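Following: one structure in structure tokens, then a few remarks.
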2 protein chains.
Amino acid sequence: MSEPGNGRREVTVSDVAAAAKVSKATAARALGDYGAVSDAVRDRVQRAAEELGYRPNALARTMSTGRSHTLGIVVGDIENPFFAQATRGAADVAVAAGFDLILSNSDEEAAAEAKAIGVQLAKRVDGLLVAPASSIDPTNLRPVVESGRPLVLFDRAVPELEVDTVIAANRTGARRLTRLLLDAGHRRIAFISTIAHDGDYRLGDTLASTSVAERVDGFTATLAEAGVPNADRYVHLNARRDGVEVLVQRILGSAEPATAIIASDSLVALAAFRAARRLGVSIPDELSLVAFDDADWTELTTPGVTVMAQPIHEIGAEAARLLIRRIGGDGAPPVTKVLDQHLVERGSIAPPGRP
Amino acid sequence: MSEPGNGRREVTVSDVAAAAKVSKATAARALGDYGAVSDAVRDRVQRAAEELGYRPNALARTMSTGRSHTLGIVVGDIENPFFAQATRGAADVAVAAGFDLILSNSDEEAAAEAKAIGVQLAKRVDGLLVAPASSIDPTNLRPVVESGRPLVLFDRAVPELEVDTVIAANRTGARRLTRLLLDAGHRRIAFISTIAHDGDYRLGDTLASTSVAERVDGFTATLAEAGVPNADRYVHLNARRDGVEVLVQRILGSAEPATAIIASDSLVALAAFRAARRLGVSIPDELSLVAFDDADWTELTTPGVTVMAQPIHEIGAEAARLLIRRIGGDGAPPVTKVLDQHLVERGSIAPPGRP
DNA sequence: AAACGAATTGAGACCGGTCTCACTCTACGA
DNA sequence: TCGTAGAGTGAGACCGGTCTCAATTCGTTT
């Protein structure tokens, strides 16, 4: 504390070598624990290192070995509980395997994502974990496959790109949720997602996220099977997070108001719940609500929210596992892991009895 | 896609230089945009770089310049919304200033924290953002100040260490919350935190987190001022996150049950709310509940939870700003920024009328 | 036209590790 | 007793940038 020590040059292998009176090569061997060194010398070197406060420079090591023991992860927004959990899952697997994580937020924007990926590549990460902002346009991801570095996508796939991918069984989950509402007697069900989309959704439109696309597919297909015409007009995209409230208001105030809402993620569910509360419409009596993701608060509301839970932690973890395997040299053809979702029934569904 | 390009050696400045028929030094100047280069040559080099698909190696650059343009951040757990928000705040400031972030979770454990810090230092981050697992023991942080790298603490201070720190006005916030309950007529108020502590809390004990310590201080002091004896026996620490329920049960089932709870963070509040729900005790009629942090769900429950909101995003952002200023060479004496909390009143407080 | 200064360029050291290769020294088998 | 395998060590190249310094080119000034 008395001498801040700023500006003091870092201690290097050469310094240690000099102190231990051996060559740089030998010191490096003793410290790096590779090659052959006599016990006596190893001791001497390690003592010297200890004394001088030697701290290895991981960058220099990366320069010569080519391995950085670092993974990059690009998420939409770390504040989104989904990404926070997935990141944690990935981080746990990573540190267990001796890797650490460089984190970037893309805000689901192509430009920010491209920049983030560029930085990660420049930092020579050993591999990249990405929840791609666009499932349609692989431009941002091209540089990483061109760099030869392994890439694993999670939460969303990019059909044009043949790379390892970890996703959830969204279509099945959506069918299940939709069926649940249908069975309760609902016919006018709104599906809400914040995903960006040009204009109103029409059946067959391609969406920027395969996971939302699958949910929409499952939703509209199940509706169609139940004989509900024009299922696509119940799909509401582009919901800005702070705009869900007006959207819900519009949905409920229309000529043929929806009697149930499927929220595509927990943030939308939260906004929808809040909207219903503010508008004075009672859940589930006047409006049924179901959502994807078992956010912690969903059991706290009155009523609790019935949700399709995703193994979010595991999505991140599995993605990291896959990536680390690739880094280890696994050359098998790319795989797509599809993880199951499961239903958690609470009290937010009731028959659509209008008061 | 037809040629995977794996194993292809990275394109370097030398390659570009050769292609552009200039020296390595000149090519580097043209690419790195430093030094003087004629327009003609610059063009030629940049075209060559483009053609070859040159991507700078940030590590090599760091090796010679000594700057990594990377900040390290060590949080308790990125899944904790508090840390997620603070991290986002820091990340935003960081990228705006041209830095990126290496993220580590300490799980509030000394060993994991030490390791994380070690890795970050090895990676030669330009500076470190840490929410220290222990405010008492500066051991883990010593290496970073010894390395001469700037360090900024957030959420908690470490009194023994004179470094920049960003915290919230926790004592004031706690007083305010306590007074609110007192004014409603409560006298037996439980304060619950998950923070680790040896044995039961006694007035004057030092806590591992200054932020919790300040809250406890504010709490007990306010209680004492109101003439409540033995305020310290209402302080419950060591609450394992999944153990809050039994704790609440014990608190409510004792001879002199608490009539109100102050949750030290939103996760505890969540658990407490859930516990009350499961135990069938009604909030606020049978139990008042207030908490720190304005988690998004707190306005969704019935009733909403009255909370002391912290500017979490700003805590992270300000910490990053401070850090970047230090990295820029600011040698002013260390500062401690104290950010204000503000009360958000909802409906979770009522007089302690036992039914 | 000679001299001078600024702009441009090239050669090569350097950052801090790893790793190859050659050399020395010892122990063991033929 | 000699040859040789193998352990232990040192010298120096290398990774891919930056940067210093000297050399060259050019335009001006007098």
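In what follows, every heavy atom counts, from backbone to side chain, and hydrogens, waters and symmetry copies are set aside. Bear in mind the structure is a predicted one, so any value in this text is a computation, not a measurement.
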Name the stems that DNA chain C belongs to, where each is three or more consecutive Watson-Crick or G-U pairs with both distances under 3.5 Å?
C:1-30 with D:1-30
Any Lys/Arg nitrogen of Glu318(B) or Arg321(B) sitting under 4.0 Å from an Asp/Glu carboxylate oxygen of the other?
yes
Let me know the distance between CD of Glu10(B) and P of dG17(D), rounded to the nearest Å.
9 Å
In this structure, how many angstroms lie between the P atom of dC19(C) and the CG atom of Leu31(A), rounded?
14 Å
Are Tyr54(A) and dG17(C) close enough that a side-chain N or O sits under 4.0 Å from OP1 or OP2?
yes
Using atom types as modelled and distance alone, determine if a side-chain donor or acceptor of Asp126(B) lies under 3.5 Å from a backbone N or O of His69(B).
yes
Should the pair Arg55(A)-Glu146(B) be classified as a salt bridge under the 4.0 Å nitrogen-to-oxygen rule?
no
Using a cut-off of strictly less than 4.0 Å, decide whether Tyr34(A) has a side-chain nitrogen or oxygen near OP1 or OP2 of dC19(C).
no
For Asp77(A), all residues meeting salt bridge (Lys or Arg N to Asp or Glu O under 4.0 Å), sequence neighbours excluded
Arg88(B)
Looking at Arg156(B) and Glu108(B), does any basic side-chain N land under 4.0 Å from a carboxylate oxygen?
yes
Salt bridge or not for Asp164(A) and Arg325(A), using N-O below 4.0 Å?
no
What is the separation between atom CG on Asp43(A) and atom C1' on dT9(D), rounded to the nearest whole Å?
17 Å
In the 5'-to-3' direction, what one-character label does each nucleotide of nucleotides 5-15 of chain C receive under the scheme B = base within less than 4.0 Å of a protein heavy atom, S = sugar-phosphate only, - = no such atom?
---SBBBBB-B
Any side-chain heavy-atom pair of Arg67(B) and Arg61(B) under 4.5 Å:
no
Is Arg149(A) salt-bridged to Glu10(B), cutoff N-O under 4.0 Å?
yes
